[in-house]
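One structure below.
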Protein chains: 2
Amino acid sequence: MLKLSTKGRYGVRLMFDLALHNGQGPVSLRDIATRQSISEKYLWHLIPPLRDAGLIRSSRGVRGGYVLAHPPSQISLKDILDVLEGRICLVDCVANPSLCPRSRDCIPKDIWRDVSQTISRTFDSFTLEKMIEKQRSVQEAINYAI
Amino acid sequence: MLKLSTKGRYGVRLMFDLALHNGQGPVSLRDIATRQSISEKYLWHLIPPLRDAGLIRSSRGVRGGYVLAHPPSQISLKDILDVLEGRICLVDCVANPSLCPRSRDCIPKDIWRDVSQTISRTFDSFTLEKMIEKQRSVQEAINYAI
DNA sequence: CACCATTCCTACTATTCTAGTGGGAATTAT
DNA sequence: ATAATTCCCACTAGAATAGTAGGAATGGTG
């Protein structure tokens, strides 16, 4: 049905939360869970892949937590979703033509490949930095209204 | 995982097959199933929604079958997928903000909405006509090679 | 009129995927 | 020493997906 899974959605919110607190020291998962209203237990599932992919860094023990491994301008939604949902590929035969004997001259496959690339590029055009900017302009609008 | 479901994939191949035989009278589901190597039983699931949405027309009895309800230039992948997979909407809160108390000022939601629209427009830009043209140019390339 | 290809419908099943929970070990600042 | 925190494995319930079974209704053709 072409839905993003909870993993991807929550993962982006997790990373966005880290981006909003970038430069303020490690952020604990509990804080993120509370702010984002997401079960801490569930959020934990997202950590190992994000860490192993080098998107976040962790420090253990008291006052430990997570920080972005790169500036928000250098982390795109594509980076996050590639890790949590796998690389965008609308149908498997695009990445793995041997799955289907028709793939050699399959027009639909070519289309799925093109659209997959478009989606990928779209996700890549949204960085955490852009999200922060949007957040700020929303805040200003609210303050102005008050 | 952002995959197209079998319903959508097979549905496009079904419609593409109809497009390739457009103007040659009704095409039976059995013929399509044979040519596309898809179970006739499974293909049947796709017919009622496509028919009810006015994308194909059917005739029953001997020599019955299906035809496109519109010229291939006027049927896009979006039309087909909207019917078989539901309208593209990466996360439910985009179409239905009341699902989440945060939705009012949720930046991620705005992003999902924008990307959903981009994907939708991309699908809309591919018509059955375009697919036929691609098919023809592939055929010519093969003939030339021989 | 009888036949048979074909559309059409309901229901069922097996499998995989998704979302979420539980319990507890290892680490480290204070 | 304590407490906060990361870290890990395993489990479960429910939903979605893919596919199958059996047969009723329709209508052109001989």
Side-chain angles (χ1 to χ4, degrees), chain A residues 1-14 18 21 25-53 55-67 69 81 84-86 89-93 99-100, chain B residues 1-14 18 21 25-53 55-67 69 81 84-86 89-93 99-100:
Chain A
M1 227 185 147
L2 219 54
K3 285 265 180 273
L4 221 57
S5 77
T6 306
K7 238 174 152 177
R9 277 186 295 127
Y10 287 3
V12 167
R13 280 167 64 188
L14 187 163
L18 285 183
H21 297 82
V27 180
S28 79
L29 211 52
R30 168 157 308 175
D31 288 350
I32 300 175
T34 305
R35 274 194 295 263
Q36 299 291 327
S37 320
I38 303 176
S39 135
E40 191 185 340
K41 275 292 185 189
Y42 191 84
L43 274 186
W44 163 251
H45 287 311
L46 315 181
I47 294 293
L50 290 172
R51 186 194 48 210
D52 296 349
L55 293 180
I56 60 177
R57 274 198 295 265
S58 60
S59 43
R60 305 184 67 169
V62 175
R63 300 213 161 248
Y66 304 94
V67 295
L81 295 174
L84 295 176
E85 307 244 359
C89 173
L90 287 182
V91 313
D92 289 331
C93 62
L99 286 177
C100 175
Chain B
M1 230 185 145
L2 219 54
K3 286 264 179 270
L4 220 59
S5 77
T6 307
K7 239 173 151 179
R9 277 186 293 128
Y10 287 4
V12 168
R13 280 167 65 188
L14 187 163
L18 286 183
H21 296 83
V27 180
S28 80
L29 211 53
R30 167 156 310 176
D31 286 351
I32 300 175
T34 305
R35 275 195 294 263
Q36 299 292 327
S37 320
I38 303 175
S39 135
E40 191 185 340
K41 277 293 185 188
Y42 191 85
L43 274 185
W44 164 250
H45 287 313
L46 315 181
I47 294 294
L50 290 172
R51 186 194 47 208
D52 296 349
L55 293 180
I56 60 177
R57 274 199 295 265
S58 61
S59 43
R60 306 184 66 168
V62 175
R63 299 214 161 250
Y66 304 94
V67 295
L81 295 174
L84 295 176
E85 308 244 357
C89 172
L90 286 183
V91 314
D92 289 331
C93 61
L99 286 177
C100 175

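A, B, ... follow the sequence lines: proteins, then strands. Residue 1 opens every chain. Only heavy atoms go into these numbers, but all of them, side chains included; no hydrogens, no water, no symmetry mates.
Under the 4.5 Å side-chain criterion, counting only non-hydrogen atoms from C-beta, A/Lys3 is in contact with B/Asp92. In this structure, A/Leu2 and A/Leu90 have side chains that are in contact, with non-hydrogen atoms separated by less than 4.5 Å.
We find the CZ-CD1 distance between B/Arg9 and B/Ile38 to be 8.5 Å, quoted to the nearest 0.5 Å.
For the pair A/Glu85 (side chain) and A/Leu4 (backbone), a donor-acceptor distance under 3.5 Å is absent.
Between A/Arg30 and D/dT6 there is no side-chain polar atom (N or O) within less than 4.0 angstrom of OP1 or OP2. Within the 4.0 Å cut-off from OP1 or OP2 of D/dT6, not a single side-chain nitrogen or oxygen of A/Ser59 is found. Here B/Ser58 reaches the OP1 or OP2 of C/dC8: one of its side-chain N or O atoms lies under 4.0 Å away. Using a 4.0 Å cut-off, no side-chain N or O of A/Arg63 falls inside it from OP1 or OP2 of D/dT6. For the OP1/OP2 pair of D/dA21 and a distance below 4.0 Å, the side-chain nitrogens and oxygens of B/Tyr42 include no atom meeting the criterion. Look at A/Arg51 and you'll find a side-chain N or O under 4.0 angstrom from OP1 or OP2 of D/dC8.
Counted within 6.0 Å of CZ on A/Arg35, heavy atoms from surrounding residues, nucleotides or ligands total more than 12; the atom is thus considered enclosed.
Listed nucleotides C/dT21, C/dT18, C/dT10 differ in distance to B/Met1; the shortest reach to its side chain belongs to C/dT18. Distance from the side chain of A/Lys41 is smallest to C/dT21 among C/dT18, C/dT21, D/dT5.
Side-chain N/O atoms of A/His45 and base N/O atoms of C/dT21 include a donor-acceptor pair closer than 3.5 Å.
Along DNA chain C, the nucleotide nearest B/Ser28 and the nucleotide nearest A/Leu4 are compared for position; the residue whose nucleotide lies closer to the 5' end is B/Ser28. Each of B/Arg60 and B/Tyr10 was matched to the nucleotide of DNA chain D holding its nearest heavy atom; the match closer to the 5' end belongs to B/Tyr10. Looking at which nucleotide of DNA chain C each of A/Thr6 and A/Gly61 is closest to, the 5′-most match is held by A/Thr6.
B/Arg57 comes within contact range of no nucleotide atom at all, as no heavy-atom separation falls under 4.0 Å.
At whole-Å resolution of the value, CG in B/Leu46 and P in D/dA18 are 11 Å apart.
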